[in-house]
Amino acid sequence: MQLGLIGLGKMGGNMRERIRRAGHTVIGYDRNPEVSDVKSLAELVERLDAPRHVWVMVPAGTATQTVIDELGDLLSPGDTVIDGGNSRWTDDEKHAAALGIKGIGFVDAGVSGGVWGLKNGYALMVGGEKEYVDRLRPIFDALKPEGPYGYVHAGRVGAGHFSKMVHNGIEYAMMQAYAEGWELLEKVHSVENVREVFRSWQEGTVIRSWLLDLAVNALDEDEHLEGLRGYAEDSGEGRWTVEAAIDNAVPLPAITASLFARFASRQDDSPQMKMIAALRNQFGGHAVEKKG
């Protein structure tokens with residue numbers, strides 16, 4: 001199967017490689033000519049056979065809007081656009097409507113896997129009409145982890161990004177819980193080997209998880225996280241999760257508190273946020289701020 005892929009950064013580049021390893025043809029475009037297969041979006045579209053399938057993997061907001069607007073002028077009826085970035089679900093509805101007028105299908109795909117996705121596969125939460133989703137299933141199968149899980153057609157347009165948004169909100173709360181526990185262990189004098197306490201939790205406990213494994217990785221690299229500032233950004237999806245909870249009158253005290261904790265990190269050098277920053281770097285390759 002052929003796929004056009006726009007955006008070959010940390011995730012997009014690895015996704016291109018994983019899809020190619022599954023035997024599909026991927027033509028990638030990026031503003032960086034060193035990684036791009038073509039020189040322009042127009043050339044990318046020209047090199048794809050109809051009906052074309054083009055996956056957009058660029059930052060949410062203006063960048064995504066600009067690319068989708070341009071694709072709307074380049075593609076033809078029967079083609080399909082997939083937005084695999086972290087777009088807000090309400091934007092999906094607008095994009096689907098604008099492309100639909102031109103006979104172009106639209107699918108939103110929440111993608112989780114970070115820098116580990118090439119090896120382990122990507123969890124995919126997909127929204128859109130069944131007709132468009134089904135024709136893209138070979139690509140989804142190439143990207144997902146091996147086995148029966150890791151892919152879901154979550155519902156109509158917007159459902160994929162909404163599901164990924166909630167996933168990230170839960171991620172915020174889980175990271176915050178590990179970070180708070182780590183700070184408390186570091187604080188008391190009786191616990192002399194906090195890193196090994198975390199390591200002991202990796203087997204046989206109810207709180208074992210991949211995030212816990214990544215926390216141990218981070219502590220192996222810097223046992224007391226002394227090289228990091230206690231500062232953590234938020235991607236925006238935590239805010240959207242809290243806003244959606246307010247709109248739907250759903251109480252989310254843990255997720256909301258974890259978001260506010262990140263805001264607090266920007267005022268002080270928070271020990272908890274050192275762990276949050278370390279975890280974000282471990283699973284997603286997100287930048288960290290070093291001391292000094």
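Between the side chain of R20 and the backbone N or O of V26, at least one donor-acceptor pair lies under 3.5 Å. No donor-acceptor pair under 3.5 Å is formed between the side chain of D92 and the backbone N or O of D108. Looking at H161, its side chain does come within 3.5 Å of a backbone N or O of G85 through a donor-acceptor pair. W116 places a side-chain N or O within 3.5 Å of a backbone atom of Q282 that can act as its donor or acceptor partner. Between the side chain of K144 and the main chain of G147, a donor-acceptor pair closer than 3.5 Å is present. No side-chain donor-acceptor contact under 3.5 Å links E289 to the backbone of Y231. Looking only at distances, a side-chain donor or acceptor of S265 sits under 3.5 Å from a matching main-chain atom of A232.
A side-chain donor-acceptor contact under 3.5 Å links D69 and Q65. With hydrogens and angles left out, the side-chain atoms of S87 and D83 include a donor and acceptor closer than 3.5 Å. In summary, the side chains of N168 and K164 do present a donor paired with an acceptor at a separation below 3.5 Å, with no hydrogens or angles considered. Side chain to side chain, S209 and Y178 meet the donor-acceptor criterion of an N or O pair below 3.5 Å.
Aromatic ring pairs are classed by plane angle as parallel below 30°, tilted from 30° to 60° and perpendicular above 60°; the pair W210 and F283 is tilted.
The side-chain contact (heavy atoms from CB on, under 4.5 Å) test with V81 is passed by exactly one of V67, L99, I6: L99.
Contact check on K274 versus D222 returns no salt bridge, with no Lys/Arg side-chain nitrogen under 4.0 Å from an Asp/Glu carboxylate oxygen. Salt bridge present: R199 and E196 bring a charged side-chain N and a carboxylate O closer than 4.0 Å. The pair E183-K187 does not count as a salt bridge, with every side-chain nitrogen at least 4.0 angstrom from each carboxylate oxygen.
Scored by the side chain to side chain donor-acceptor pair (under 3.5 Å) test, T80 finds R135 as partners (sequence neighbours excluded).
Between H286 and E233 there is no side-chain heavy-atom pair separated by less than 4.5 Å.
By the rule that hydrophobic residues join a cluster once side-chain heavy atoms approach within less than 4.5 Å of another member, V38 and L75 end up as members of one cluster.
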request  = Determine, step by step, whether T241 and Y172 satisfy the side chain to side chain contact (heavy atoms under 4.5 Å, CB included) criterion, reporting the C-alpha distance in whole Å, the side-chain angles of both residues, the deciding distance to 0.1 Å, and the verdict.
outcome  = CA-CA 10 Å; T241 305; Y172 274 46; over 6 Å; no

request  = In sequence, state the C-alpha distance, the side-chain angles, and the governing distance for N217 and D213, and then conclude on side chain to side chain contact (heavy atoms under 4.5 Å, CB included).
outcome  = CA-CA 6 Å; N217 288 351; D213 296 341; 5.5 Å; no

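From E17, atom CD reaches atom CG of L5 across 12.0 Å, with rounding to the nearest 0.5 Å. Note that the CZ atom of R16 and the CG atom of L118 stand 11.5 Å from one another [nearest 0.5 Å]. Atoms CG and CG, on D234 and L259 in that order, are 5.5 Å from each other to the nearest 0.5 Å.
The minimum heavy-atom distance between L71 and V54, with the atom names listed, is CD1-CG1, 3.9 Å. For the residue pair V133 and F140, the shortest heavy atom distance occurs at O-CE1, 3.7 Å. Summarising the geometry of M165 relative to E237, their closest heavy-atom pair is CG-O, 3.5 Å, with the distance given to 0.1 Å.
The local environment of CD in E186 is crowded, with over 12 non-hydrogen atoms from other residues, nucleotides or ligands closer than 6.0 Å. Other residues, nucleotides and ligands contribute only 12 or fewer heavy atoms inside 6.0 Å of the CZ atom of R31. Heavy atoms of other residues, nucleotides or ligands lying less than 6.0 angstrom from CZ of R156 number 12 at most. Within 6.0 Å of atom NZ in K94, 12 or fewer heavy atoms from other residues, nucleotides or ligands are found, so the atom counts as exposed in its surroundings.
Cation-pi contact between R18 and Y122: absent, since separation from the ring centre below 6.0 Å together with deviation from the ring axis within 45° is not met.
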